[in-house]
Structure formats: C-alpha cells, structure tokens
Participant: 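A single structure is presented below for examination.
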Amino acid sequence: MKHSTTQQTRRGHRGPARQLGRTLALVLPVVLVLSGTLAVTRVNWSGNPSDSVLTATDVTSAGDAKKAAARAPQDVLRDQLLTELQEKDPGTALTHLQQAVHERPSLARHCASIARALGRAAVRVYGPNRAQSYARPVCDTAFASGVAAAHS
C-alpha cells in the first residue's frame, strides 16, 4: 500500500508544475512575438540617424514646406479644419469636411477620424454643451462621439 500512496503523491506534485509549464509554453511565444514586433517598429529604417524615433510632432510640423508637401491629404485637411474650427465655428468646419469628402471620395475612409478630432477640439474651445449643439450627421456620428470622448 505504501508504494501506491507514494505514486499518488509524486503525481500530485507534478500536476501544478506541468500545468505551469503548459501555460508558459502557450504564453511565452506570444510575448516573444509581441516584443519582437515592437522592437522592429523602433528600428531606424530610414538610414538617417536623426530619424531614429518618429514622433507625432514630426508629422504635424508646419514649419518646413517639404514636410507639408509630403503630408497625407487627410492630415492637411484635418489641420485646416481644426484651424477653421478655432477661427470660425465647428459648424463651418463640419460643412467643409462634408464638401471635401464629396469632392475627394478617397477621403471618406478618414472622415470619421477627422470628425472625432473636430469634436474633441470643439470641447476644448467651446465646452461640452455648446460643442454638442454643433453636432450633425457628418461621417455618421463621429463628431458627437468625439465630443462625448473629450467630455468624459
């Protein structure tokens, strides 16, 4: 009898270790792949040592004419509309967004993100209640969701 008890005890001790090993076998490859992916995104692929890490300010810098010319059309449009929102009102900016998407259908896939950015900016400039009063169904309800996100 003692022999069978010893066998059960040994199996009992191997159970949690085996389960931990299985968990590590499943989790470790995922962690390694993710960390490798993140490492690749931080590699300087341009060959220019000054561009080692691209930041958001590098993309939105308006001082350099070459950078402005190389920027994506949706980024240029977003910046123009954000300026217009501050100088005039969100309604005017939304109207011009709608017109731009109508004139250039390729901008349609960026419409919602631009409208959300306008909504967040409107809350900063006008406050949540007044910003919400400008909401209209441009790009679905993206402007209103930008207002709600900035308010919460």
Participant: Calculate, to the nearest 0.5 Å, the distance between atoms CZ and CG belonging to R124 and L82 respectively.
Facilitator: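 Nearest 0.5 Å value for the CZ-CG distance: 7.5 Å.
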Participant: Could you tabulate the donor-acceptor pairs under 3.5 Å formed by side-chain atoms of residues 100-107, not counting sequence neighbours?
Facilitator:
none

Participant: Provide the closest heavy-atom pair for Q132 versus A144 in the form atom of the first, atom of the second, distance.
Facilitator: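 Residues Q132 and A144, closest heavy atoms: NE2-CB, 3.8 Å.
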Participant: Any side-chain heavy atom of F143 within less than 4.5 Å of one from V138?
Facilitator: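 Counting from C-beta outward, F143 and V138 never come under 4.5 Å.
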Participant: Let me confirm one number: the CG-CG distance from L85 to L81, rounded to the nearest 0.5 Å.
Facilitator: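 Between L85 CG and L81 CG, I get 8.5 Å after rounding to 0.5 Å.
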Participant: Can you list everything that forms a side chain to side chain contact (heavy atoms under 4.5 Å, CB included) with H110? Sequence neighbours excluded, please.
Facilitator: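 Q74, S113, I114.
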Participant: When rounded to the nearest 0.5 angstrom, what is the spacing between OG1 in T95 and OH in Y134?
Facilitator: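 Spacing of OG1 (T95) from OH (Y134) equals 11.5 Å.
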Participant: Quick one: list whatever passes side chain to side chain contact (heavy atoms under 4.5 Å, CB included) with P137, sequence neighbours left out.
Facilitator: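 Not a single residue meets the side chain to side chain contact (heavy atoms under 4.5 Å, CB included) criterion with P137.
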Participant: Can you list every pair that meets disulfide (SG to SG under 2.5 Å) and has a residue in residues 72-129, with sequence neighbours left out?
Facilitator: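 Of all non-adjacent pairs touching residues 72-129, those that pass disulfide (SG to SG under 2.5 Å) are C111-C139.
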Participant: Can you give me the closest heavy-atom contact between R116 and A142, atom names plus distance?
Facilitator: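 Scanning both residues, the minimum pair turns out to be CG-O, 3.1 Å.
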Participant: Could you list the residues that satisfy side chain to side chain contact (heavy atoms under 4.5 Å, CB included) with Q80, not counting sequence neighbours?
Facilitator: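 Partners of Q80 under the side chain to side chain contact (heavy atoms under 4.5 Å, CB included) test: V76, L77.
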Participant: First locate atom CG of L118, then atom CZ of R78, and finally report the distance between them rounded to the nearest 0.5 Å.
Facilitator: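 Here the interatomic distance stands at 9.5 Å.
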Participant: Among all residues two or more places apart in sequence or in another chain, which pass the side chain to side chain contact (heavy atoms under 4.5 Å, CB included) test with T83?
Facilitator: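 Listed in chain order: E87.
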